[in-house]
Amino acid sequence: MSAQNQQKRISTTDILQRKGKEPIVSLTAYTAPMARLLDPHADILLVGDSVGMVLHGLETTLPVTLDMMILHGQAVMRGSARALVAIDMPFGSYEESPQQAYCNAVEIMQKTGCTAVKLEGGRHMAPTIAFLTSRGVPVMGHIGLTPQAVQVDGGFKVKGKDSDRWAELEADGLAVQEAGAFCVVLEGIVEPLAKQVSSKLSIPTIGIGASSACDGQILVSEDMLGFADRVPKFVKRYAEVGQMIDQAVGAYAKEVRERSFPGPDHVYTAPK
Ligand code: KIV
């Protein structure tokens, strides 16, 4: 397909222009078929490093590699045409230096064709974000509860319960914005803080467990679709796909055991 015939994807400028306007719909996607289903509805599809926990059964996102992100990113790009696709930079692929981050972000963009990368961290990552954005790599920030810091934080802990720490999170948001991020994920922060940060920033905030005070929301698709038994408290389940799979597979298993499933004679013409 020539470049002219391709459907135009939502751009970083489109997302920036949504500040304070129509809320941004964002979901995670890791595979082509899921991306195909989500693409007509979502503004941003994030190939999150949550893929490690959701699809690969890992306890944390820390073991996720650059190659995994690229493989899933390629699948999501093949399955989508409209949404902006952002891909998480996995733990260890960007923290060492802005140069390391740049090399790995370029590899992600060149091998997948995605629009942007996401990386975790506030003020301390701002020089890296500035290095990337000034060299053509669009960055989605991620502050608040940052799952890659789970071991230093001692768990996945909601931030901002103590208002003495609010100024720090606001400073993180401003630093990420100043560094050139086109939007920022606010994860696991109390509603009044999400409201305060969203009102102080001129870039859109996209909340996850951060209330509707943000400029949009992102959820892990498998959580909101009901694949998993246990999901974070703030997640509304819009479907019970896990139960549907259980029922369907149960019916299939029963038919196989009873030998009542259709054979080739139902599909092909039997030889005379
Ligand atoms: O990895 C991920 O899926 C994320 C979102 C939940 C924001 O970072």
Side-chain angles (χ1 to χ4, degrees), residues 15 23-31 34-35 38 42-66 68-73 75-76 80 83-95 105 108 112 114-122 125 129 138-150 153 156-159 169 172-173 176 181-189 194 197-198 203-212 214-225 227-228 230-237:
I15 297 298
I24 297 160
V25 179
S26 188
L27 285 163
T28 59
Y30 317 121
T31 64
M34 187 65 106
L38 304 177
D43 300 308
I44 300 178
L45 290 178
L46 173 70
V47 186
D49 60 353
S50 51
V51 67
M53 299 171 74
V54 178
L55 288 198
H56 295 269
L58 297 167
E59 286 295 317
T60 72
T61 57
L62 303 189
V64 173
T65 65
L66 197 65
M68 285 166 76
M69 295 313 301
I70 289 170
L71 203 64
H72 287 287
V76 169
S80 63
L84 182 156
V85 173
I87 301 183
D88 255 338
M89 300 202 68
F91 181 62
S93 72
Y94 63 96
E95 302 89 331
I108 290 175
T112 65
C114 73
T115 298
V117 297
K118 176 167 83 57
L119 58 87
E120 296 181 8
M125 288 313 301
I129 297 174
V139 175
M140 187 174 185
H142 183 158
I143 59 173
L145 189 167
T146 48
Q148 291 176 11
V150 60
D153 282 353
F156 298 106
K157 296 200 176 127
V158 171
K159 304 283 168 166
L169 206 107
D172 282 338
V176 165
F182 69 96
C183 66
V184 60
V185 170
L186 305 184
E187 179 163 0
I189 66 172
V197 175
S198 298
I203 58 172
T205 58
I206 302 182
I208 171 162
S211 86
S212 58
C214 300
D215 298 296
Q217 179 172 232
I218 179 158
L219 288 178
V220 170
S221 298
E222 282 74 2
D223 287 352
M224 58 83 91
L225 291 172
F227 274 84
R230 287 186 329 127
V231 296
K233 267 194 250 156
F234 61 83
V235 175
K236 177 174 170 187
R237 293 164 80 110

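In each ligand, atom 1 is the first atom listed, and ligand 1 is the first ligand listed. For the numbers below, each heavy atom of this structure counts, side chains included, while hydrogens, waters and symmetry mates do not.
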(message) Tell me whether Glu187 has any N or O atom under 3.5 angstrom from an N or O of ligand 1.
(response) no
(message) Could you identify the single nearest non-hydrogen protein atom to atom 8 (O) of ligand 1 and state the distance to 0.1 Å?
(response) Lys118 NZ, 2.9 Å
(message) What's the separation between atom CG in Leu119 and atom OG1 in Thr146, rounded to the nearest 0.5 Å?
(response) 11.0 Å
(request) Report the nearest protein non-hydrogen atom to atom 6 (C) of ligand 1: residue, atom name, distance rounded to 0.1 Å. (result) Ile208 CD1, 3.4 Å
(request) Using side-chain hydrogen bond (donor to acceptor under 3.5 Å, both in side chains) as the criterion, list what pairs up with Glu120, not counting sequence neighbours. (result) none
(request) Determine yes or no for a side-chain-to-main-chain donor-acceptor pair under 3.5 angstrom, with Thr112 supplying the side chain and Ile70 the backbone. (result) no
(message) Nearest 0.5 angstrom please: Asp223 CG to Ile208 CD1, how far?
(response) 7.5 Å
(request) Could you tell me whether Thr61 approaches ligand 1 through its side chain, its backbone, both or neither, with non-hydrogen atoms closer than 4.0 Å? (result) neither
(request) Output yes when a side-chain donor or acceptor of Thr205 lies under 3.5 Å from a complementary backbone atom of Asp215, and no otherwise. (result) yes
(request) Output the list of atoms in ligand 1 that are nearer than 4.0 Å to some heavy atom of Asp49, sorted by atom number. (result) 1 (O)
(request) Pull out every atom of ligand 1 sitting under 4.0 Å from any heavy atom of Thr28, numbered as shown with elements. (result) 3 (O)
(request) Among all protein heavy atoms, pick out the one at the shortest distance from atom 3 (O) of ligand 1; state its residue, atom name and that distance to 0.1 Å. (result) Ser50 OG, 2.5 Å
(request) Report the nearest protein non-hydrogen atom to atom 5 (C) of ligand 1: residue, atom name, distance rounded to 0.1 Å. (result) Leu46 CD2, 3.7 Å
(request) Mark yes or no for whether Ser26, through its side chain, and Ile44, through its backbone, hold a donor-acceptor pair below 3.5 Å. (result) yes
(request) Measure across Ile108 and Cys114 and return the closest heavy-atom pair with its distance rounded to 0.1 Å. (result) CG2-SG, 3.9 Å
(message) Give the atom numbers and elements of ligand 1 that come within less than 4.0 Å of a heavy atom of Gly48.
(response) 1 (O), 2 (C), 3 (O)
